[in-house]
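Since we're looking at a predicted model, the values are computed, not measured.
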Amino acid sequence: MTAFRYRRAALALTAAAVLPLTLTACGGEDSSSDAAADKSSSSAPAEEKSSAPAEGTPADGPFGPACATVPKDGAGSFDGMAQDPVATAASNNPALSTLVTAVKKAGLVDTLNNAQNITVFAPTNDAFAKIPKADLDKVLADKEMLTNILTYHVVGEKLSPMQLESGTYDTLQKSSLTTKGSGENYTVNDTSKVVCGNVPTANATVYIVDTVLMPKS
């Protein structure tokens, strides 16, 4: 009987010694889990920032309100125009039909198509419509005058939107034009607004403008 009492006492002492260790171990596991959770929470990636360009940042691709009128597919689309030299590319854009007629009358198709790394400021049909019909007919009938005007719209290097922010560039007509602006808003010679810019063709960058440019000399 006495031995049995001793055994019960020993078991009780053992349990009393082991129980705190067990509780401590359990508490340690909880603390580690909480710490891991906190670490995981703190290391979670921050919310992604918008990839839209900041206001005033030049666009990487074509931009401007008139770009919406460019065909979505086919030879007149942006992808189609990028495959052809600039005069051919323009001929596939319905908004540039008057310009194309003028280029043909001036005999400049081959000149523009064979040039390398140029920039063309291309007036829309509406831009030509701003010129009184009698005056426009007179210009179209005068090859020298027409060539003078059209070559004034061509710069002998490819210009990026960033270069248009504030620049003066020599034209094939031998006089210069000026550009200014930022983001998606640019003007040429303070009067002609870029309505669809940074359009690539096989040999040129095109900026479609809303007013015909007139040579300074």
Side-chain angles (χ1 to χ4, degrees), residues 61-131 133 135-161 163-164 167 169-177 179 186 188-189 192-216:
F63 64 85
C67 290
T69 65
V70 174
K72 301 300 182 185
D73 49 40
S77 66
F78 290 130
D79 288 341
M81 292 179 70
Q83 305 303 313
D84 292 321
V86 63
T88 302
S91 69
N92 293 319
N93 188 323
L96 301 178
S97 59
T98 305
L99 173 63
V100 172
T101 297
V103 168
K104 289 178 178 178
K105 284 182 175 292
L108 293 174
V109 172
D110 289 341
T111 299
L112 294 177
N113 277 348
N114 293 327
Q116 295 299 314
N117 299 320
I118 59 175
T119 295
V120 176
F121 294 94
T124 62
N125 295 342
D126 289 340
F128 280 101
K130 293 180 181 180
I131 302 173
K133 187 177 185 307
D135 293 339
L136 180 58
D137 289 343
K138 181 179 179 181
V139 170
L140 292 175
D142 187 329
K143 185 175 180 179
E144 182 178 353
M145 184 186 301
L146 183 59
T147 299
N148 197 47
I149 292 173
L150 293 177
T151 53
Y152 183 65
H153 290 74
V154 184
V155 171
E157 61 179 297
K158 283 189 176 181
L159 301 178
S160 67
Q163 289 175 284
L164 297 190
Y169 301 100
D170 292 333
T171 70
L172 297 191
Q173 186 266 343
K174 303 302 184 185
S175 61
S176 63
L177 54 76
T179 62
Y186 299 93
V188 185
N189 289 350
S192 189
K193 181 177 177 59
V194 174
V195 293
C196 182
N198 206 27
V199 179
T201 71
N203 67 325
T205 298
V206 176
Y207 291 89
I208 300 175
V209 294
D210 68 354
T211 303
V212 176
L213 304 173
M214 293 298 175
K216 297 177 181 179

Checklist entry - Would F121 and V154 satisfy side-chain contact (heavy atoms from CB on, under 4.5 Å), going step by step from the backbone distance to the final call? => result CA-CA 6 Å; F121 294 94; V154 184; over 6 Å; no

Item to check | Worked check of side-chain contact (heavy atoms from CB on, under 4.5 Å) between C67 and F78 | outcome: CA-CA 9 Å; C67 290; F78 290 130; 3.8 Å; yes

Next on the checklist: Checking D170 against V155 for the side-chain contact (heavy atoms from CB on, under 4.5 Å) test, could you report, in this order, the C-alpha distance in whole Å, the side-chain angles of both residues, the deciding distance, and whether it holds?
Outcome noted: CA-CA 6 Å; D170 292 333; V155 171; over 6 Å; no

Checklist entry - Stepwise, does the side chain to side chain donor-acceptor pair (under 3.5 Å) test hold for N203 with Q116? => result CA-CA 5 Å; N203 67 325; Q116 295 299 314; 5.9 Å; no

Item to check | side chain to side chain donor-acceptor pair (under 3.5 Å) between N189 and Y152, worked out | outcome: CA-CA 12 Å; N189 289 350; Y152 183 65; 2.9 Å; yes

Checklist entry - What do the steps show when you test V209 against V195 for side-chain contact (heavy atoms from CB on, under 4.5 Å), and what is the final call? => result CA-CA 5 Å; V209 294; V195 293; 5.9 Å; no

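With K105 contributing its side chain and D142 its backbone, the two residues share no donor-acceptor pair below 3.5 Å. T88 contributes no side-chain N or O that, together with a main-chain N or O of D84, makes up a donor-acceptor pair within less than 3.5 Å. The main-chain N or O of S160 is found under 3.5 Å from a side-chain atom of Q163 such that the two form a donor-acceptor pair. Checked by atom type and distance alone, the side chain of H153 never pairs as donor or acceptor with a backbone atom of P123 at under 3.5 Å. The backbone N or O of E157 lies less than 3.5 Å from no partner atom in the side chain of Y169, so there is not a single donor-acceptor pair. Looking only at distances, a side-chain donor or acceptor of D210 sits under 3.5 Å from a matching main-chain atom of K193. Under the 3.5 Å distance criterion, the side-chain polar atoms of T101 are matched with a main-chain donor or acceptor of S97. Side-chain atoms of N114 come within 3.5 Å of backbone atoms of D110 as a donor-acceptor pair (strictly under, hydrogens ignored). Checked by atom type and distance alone, the side chain of T119 pairs as donor or acceptor with a backbone atom of L159 at under 3.5 Å.
Legend: residues meeting side-chain contact (heavy atoms from CB on, under 4.5 Å) with T98, ordered by chain and number and at least two apart, are N125, F128. Under the side-chain contact (heavy atoms from CB on, under 4.5 Å) criterion, V109 pairs with A87, V103, K104, N113, sequence neighbours left out. Every salt bridge (charged side-chain N to carboxylate O under 4.0 Å, His left out) that K133 has, sequence neighbours left out, goes to D137.
Side-chain contact between K72 and S77 is absent, with no heavy-atom pair separated by less than 4.5 Å. V199 is not listed as a side-chain neighbour of T205, based on a closest heavy-atom distance of 4.5 Å or more.
Atom-to-atom distance recorded for N93:CG and C196:SG is 8.0 Å, nearest 0.5 angstrom. Distance check, rounded to the nearest 0.5 Å: CG of D126 to CD1 of I208 gives 11.5 Å. To the nearest 0.5 Å, atom CG of residue L99 and atom OG1 of residue T124 are 9.5 Å apart. Expressed to the nearest 0.5 Å, how far CE of M214 lies from OG of S175 amounts to 12.5 Å.
Taking each heavy atom of A102 and L146 in turn, the nearest pair found is O-CD2, 3.3 Å. Taking all atoms of both residues into account, the shortest heavy-atom contact from A127 to T211 is CB-N, 3.6 Å. Here the shortest heavy-atom pairing between L112 and I118 reads O-CD1, 4.1 Å. Annotation for T151 and T147: closest pair OG1-O, 2.7 Å, computed over non-hydrogen atoms. Taking each heavy atom of G76 and P71 in turn, the nearest pair found is O-CD, 3.4 Å. T201 and A89 make their closest contact through CG2-CB, 3.8 Å (heavy atoms, listed as atom of the first residue, atom of the second, distance).
Within a 6.0 Å radius of NZ in K130, more than 12 heavy atoms belonging to other residues, nucleotides or ligands are found. Within a 6.0 Å radius of CG in D135, more than 12 heavy atoms belonging to other residues, nucleotides or ligands are found.
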